[in-house]
Every structure is written in C-alpha cells, then in structure tokens.
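Contents: one structure, followed by commentary.
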2 protein chains.
Amino acid sequence: MPTPLLSREELIDRLFEVFRDEGFEGASMADLAAATGLGKSSLYHAFPGGKDEMARAVLAAIRARIASGVVGALQGPGPVAARLKRMADAIDVLYEKGTVGCLVGAFSQGKSRRAFRPELQDIFGLMIDALAATLREAGIASAEARRRAEDAVLAIQGSLVLACGTGDPAAFRRLIKNFAPRLLEP
Amino acid sequence: MPTPLLSREELIDRLFEVFRDEGFEGASMADLAAATGLGKSSLYHAFPGGKDEMARAVLAAIRARIASGVVGALQGPGPVAARLKRMADAIDVLYEKGTVGCLVGAFSQGKSRRAFRPELQDIFGLMIDALAATLREAGIASAEARRRAEDAVLAIQGSLVLACGTGDPAAFRRLIKNFAPRLLEP
DNA sequence: GTCTATAATAGGATAGAC
DNA sequence: GTCTATCCTATTATAGAC
C-alpha cells in the first residue's frame with residue numbers, strides 16, 4: 001500500500017511541534033513517533049538520517065513558512081505601515097499569541113546551535129534583511145533600518161523566551177500590538 | 001581527607017558553564033564530570049539528587065550573582081543614569097561581551113522550562129522588578145517603567161539568542177552600548 | 001571525598017516480516 | 001509504508017573499596 005498515513009507535510013508539522021516544545025535534545029525518537037502516530041522504523045523510512053534529518057526538514061519547513069507568511073506580508077501591496085501590521089499579525093499567528101515557543105530560538109541555545117548554525121543564520125538573516133528593506137522603503141536610512149530590523153527580530157525572540165520561561169505571554173502580546181508604529185517612529 | 005579538590009563554589013561555577021553552553025538536556029553527567037575534573041560518583045556525593053539538583057544549585061548561584069552584580073549596580077549610589085550604566089557593564093561582564101549564552105534563557109526553552117519554571121520566574125522577576133523600581137525613581141510613571149523594564153530584559157535575552165544562533169554578538173554589543181540612554185529617553 | 005566497577009535504563013538506529 | 005523485534009551505545013545512577 002503506497003499510501004502513507006500522513007502526508008509528508010503533515011508529518012513534518014507534527015515533528016515541528018515536538019521539536020519546538022521539547023528542543024532538539026529534549027525530543028526523543030519515542031516522542032516523535034508518538035506525535036506522528038508512527039513506529040520509529042516508519043520515521044526512519046521517511047527520514048533515513050534520523051533525528052538530524054527530521055530537524056533539518058522541520059527547519060526548511062519553518063523557513064518556507066516564514067518566507068511566505070511573515071516576509072510575504074512585508075512584500076505585499078499597500079503602504080509600509082499596513083505591511084508591517086500584516087507582518088505582526090503573521091507573527092501572532094505563527095506563535096499562537098505567545099502561547100508557544102520558537103523552534104529557531106530553541107535550537108539557537110544549547111548543544112543544537114552548533115549543528116544547525118547555517119540554517120539558523122539563514123532564517124534570522126531572511127527576516128532581518130526583509131524587514132530592513134521594508135524600513136528603507138519608508139525612508140529610514142540604511143544603517144538605521146538594519147538596526148531597527150535586528151532589534152525587532154531580537155525582541156520577538158526575547159519576548160518568547162520570557163513567555164516560555166514564565167508562562168506569561170504579556171510581553172509578547174504588547175510587542176505585537178506596538179510592532180508597526182514602533183518600527184516607524186521618527 | 002575532608003578537603004575537596006574544588007570548593008563547592010568553584011564546583012558550581014564549572015557546572016554552570018556546561019549547563020549554559022549545552023542546555024539542561026544537552027549536558028550529560030559525563031560532560032559535567034569532565035568539566036569539574038571529578039568522577040561521576042563524586043558529583044553524586046556532592047549532589048545526591050543528580051543533574052536536577054546540580055541545575056537547581058546553579059540556578060541559585062546565578063540568582064545570587066544577578067542580585068549582587070546586576071541588581072546591586074542599580075541599587076548603588078549616584079544618579080539613575082549612572083546606575084543604569086553600571087548595570088549595563090555588569091551584564092556585559094556576565095555574558096562576556098555576548099560571546100556566551102544565558103543559562104536562564106536556555107533553560108526557558110525546551111523540556112527544561114517546565115521543571116524549573118519557579119526558578120525562572122523568580123530570576124526574571126528579580127531583574128524586571130529592580131529595573132522598574134529604578135526607572136520610577138527617574139520619574140517614569142509606574143506602568144511605563146514596568147513596560148520598559150520588561151522590554152530591556154527581553155532585549156537582553158533576544159540579543160543573546162541571536163548571538164548564540166548566528167555566532168555574531170553585534171546586536172548584544174549595540175544593546176549594551178545604548179542601554180541607559182534608551183531606557184531613560186522621553 | 002574520590003575512585004573503579006557495574007548496574008539499569010533510555011535513546012538512537014537497524015533488520016526483516018508483512 | 002508500516003510493523004515487531006532487536007541491537008548497541010550513551011546515560012543516569014548506585015555499590016563498595018580506599
């Protein structure tokens with residue numbers, strides 16, 4: 001029967017949630033198998049490289065989601081302020097109003113940061129570059145635009161660390177609320 | 001011979017570095033033993049509760065270090081701006097100019113965040129409360145002072161996530177440089 | 001207080017049947 | 001493509017000598 005129980009997309013989505021919530025080291029093959037409803041061997045059939053390959057597949061999926069959802073919002077039509085607002089909404093959806101952590105942030109700390117550095121650099125760079133380009137469109141000087149873009153990405157990450165550590169998403173919510181005006185203030 | 005090779009303080013300091021660099025799940029007893037120069041059994045003698053007890057001892061030590069170094073700087077003499085500058089310097093020392101990660105941030109993501117939530121809440125609360133109180137001294141309204149304090153702590157965490165993930169401490173350095181003026185701007 | 005040795009288990013990964 | 005069964009290593013933890 002060549003029909004898999006879950007599509008590869010669905011599979012990666014389940015794996016994503018486990019890696020995001022448990023971290024790379026914290027996610028065991030047993031956890032990943034349980035979350036997908038598959039046996040461990042079936043996971044190895046789909047990802048012969050094991051945990052490492054699963055994590056890379058998940059990172060690639062996140063990158064795509066950020067490129068279409070978050071960066072896509074920036075590159076749509078309308079004035080810069082409206083596009084930034086749509087980016088903030090996309091981030092709010094991505095992190096479920098601050099109730100879930102960030103896999104990229106989780107992988108960035110601890111042992112896993114070394115194994116996945118290229119992917120992490122790529123994803124952070126993608127967001128910062130796109131945001132900086134948009135701010136330049138609004139007439140903000142190049143260097144200042146980049147600083148603000150870095151500050152915004154860093155604030156998202158920091159607010160999620162706080163939300164995960166304390167269980168309180170208030171700082172994340174406030175960040176999302178003030179996202180666009182803050183980036184454009186004189 | 002009742003004389004240990006390392007004092008408990010030194011012991012905890014070595015454990016701290018491993019937990020900070022590898023994360024809770026990523027730090028193995030073998031890593032911890034190697035870093036202290038002790039056998040695994042000796043570690044169990046000092047910390048009968050194993051990894052969990054070591055992590056709690058390390059968190060208590062960090063809390064003390066933050067209370068004396070970072071919060072201590074805020075509560076010293078002089079005008080608020082000078083005290084904030086000293087706090088920024090203390091943070092710069094604590095994170096070695098952005099070349100090392102934050103254990104509290106690392107423990108806040110992944111599996112470990114659940115086991116250590118009370119300790120994490122306590123440490124984040126300590127910093128935010130102390131910073132907010134100082135900003136109120138400078139005449140900033142209570143709610144606004146708390147928002148700014150949260151933003152500052154969140155920015156420190158976020159800049160360290162970025163530094164760890166990309167290997168580039170530039171955003172952290174910039175944050176430290178502008179720390180005091182940014183908090184006090186009108 | 002530290003060590004060597006060893007238990008006990010969990011984790012990652014593979015083999016081969018269906 | 002999925003499963004059961006198994007292997008092997010790493011990991012946590014303990015026992016007991018010195």
Side-chain angles (χ1 to χ4, degrees), chain A residues 1-59 61 103 106-107 110-116, chain B residues 1-59 61 103 106-107 109-112 114-116:
Chain A
M1 279 99 237
T3 312
L5 291 182
L6 271 64
S7 71
R8 191 173 175 90
E9 199 180 358
E10 287 168 320
L11 201 53
I12 288 174
D13 210 62
R14 309 283 185 95
L15 298 176
F16 162 69
E17 290 180 11
V18 178
F19 280 125
R20 180 196 62 196
D21 296 344
E22 312 297 341
F24 181 76
E25 279 80 30
S28 71
M29 288 300 300
D31 293 334
L32 296 163
T36 56
L38 291 179
K40 286 194 271 184
S41 298
S42 303
L43 279 181
Y44 275 101
H45 180 80
F47 305 95
K51 255 179 84 168
D52 206 79
E53 187 177 340
M54 290 181 223
R56 269 172 233 284
V58 164
L59 281 166
L103 185 142
F107 277 31
K111 207 162 212 155
S112 51
R113 74 184 189 282
R114 289 185 284 267
F116 301 108
Chain B
M1 277 97 236
T3 312
L5 290 182
L6 270 64
S7 72
R8 191 171 176 91
E9 199 180 359
E10 286 169 320
L11 201 52
I12 288 176
D13 209 62
R14 309 282 184 95
L15 298 176
F16 161 70
E17 290 181 11
V18 178
F19 280 125
R20 180 195 62 196
D21 296 344
E22 312 296 341
F24 180 76
E25 279 80 32
S28 72
M29 288 299 299
D31 293 333
L32 296 163
T36 56
L38 291 179
K40 287 192 269 183
S41 298
S42 304
L43 279 181
Y44 275 101
H45 181 79
F47 304 95
K51 256 178 82 169
D52 204 81
E53 188 177 339
M54 290 181 222
R56 269 171 232 284
V58 164
L59 280 167
L103 184 142
F107 276 32
Q109 281 176 313
K111 207 161 213 154
S112 52
R114 290 187 283 266
F116 301 109

Of all heavy-atom pairs between B:A33 and B:G39, which one has the smallest distance, and what is that distance? CB-C, 4.3 Å
Regarding the side chain of A:M29, the nearest nucleotide among D:dC3, C:dG12, C:dC3 is C:dG12
Check the distance between D:dT11's P and B:M54's CE and give it to me in whole angstrom. 14 Å
Give the minimum heavy-atom separation between A:F47 and A:E53, together with the two atoms involved. C-OE1, 3.6 Å
Using a cut-off of strictly less than 4.0 Å, decide whether B:K40 has a side-chain nitrogen or oxygen near OP1 or OP2 of D:dT12. no
Find the distance A:Y44:OH to C:dT14:P and express it as a whole number of Å. 6 Å
In whole angstroms, how far is the P atom of C:dG12 from the CZ atom of A:F47? 15 Å
What verdict does the salt bridge (Lys or Arg N to Asp or Glu O under 4.0 Å) test give for A:R114 and B:E22, after you've listed the backbone C-alpha separation in whole Å, the side-chain angles of each residue and the deciding distance to 0.1 Å? CA-CA 10 Å; A:R114 289 185 284 267; B:E22 312 296 341; 2.6 Å; yes
Could you measure the distance from the CG atom of A:L103 to the CZ atom of A:F107? Nearest 0.5 Å is fine. 4.0 Å
Do any side-chain nitrogens or oxygens of A:H45 fall under 4.0 Å of OP1 or OP2 in D:dG1? yes
Name the nucleic acid region contacted by A:A27, choosing base, sugar-phosphate or nothing; use a 4.0 angstrom heavy-atom cut-off, strictly under. sugar-phosphate
Whole-Å distance between D:dT11 P and B:D31 CG? 7 Å
Determine the contact category for A:S42: base if any of its heavy atoms lies under 4.0 Å from a base atom, sugar-phosphate if only primed atoms, P, OP1 or OP2 are that close, otherwise nothing. base
Round to the nearest Å and state the distance from B:L5 atom CG to C:dC3 atom C1'. 11 Å
Protein-nucleotide distance (A:E25, atom CD; C:dA10, atom C1'), rounded to Å: 16 Å
Can you tell me which nucleotide in D:dA5, D:dT14, C:dG1 comes closest to the side chain of A:S41? D:dA5
If we ignore hydrogens and angles and just use 3.5 Å, is the side chain of B:D13 paired with the main-chain N or O of B:E10 as donor and acceptor? no
Without decimals, in angstroms, what is the distance between B:E10 CD and C:dG1 P? 15 Å
In whole angstrom, what separates B:R8's CZ from C:dT2's C1'? 16 Å
Just compare C:dT2, C:dG12, D:dT2 and give me whichever is closest to any side-chain atom of A:K51. C:dG12
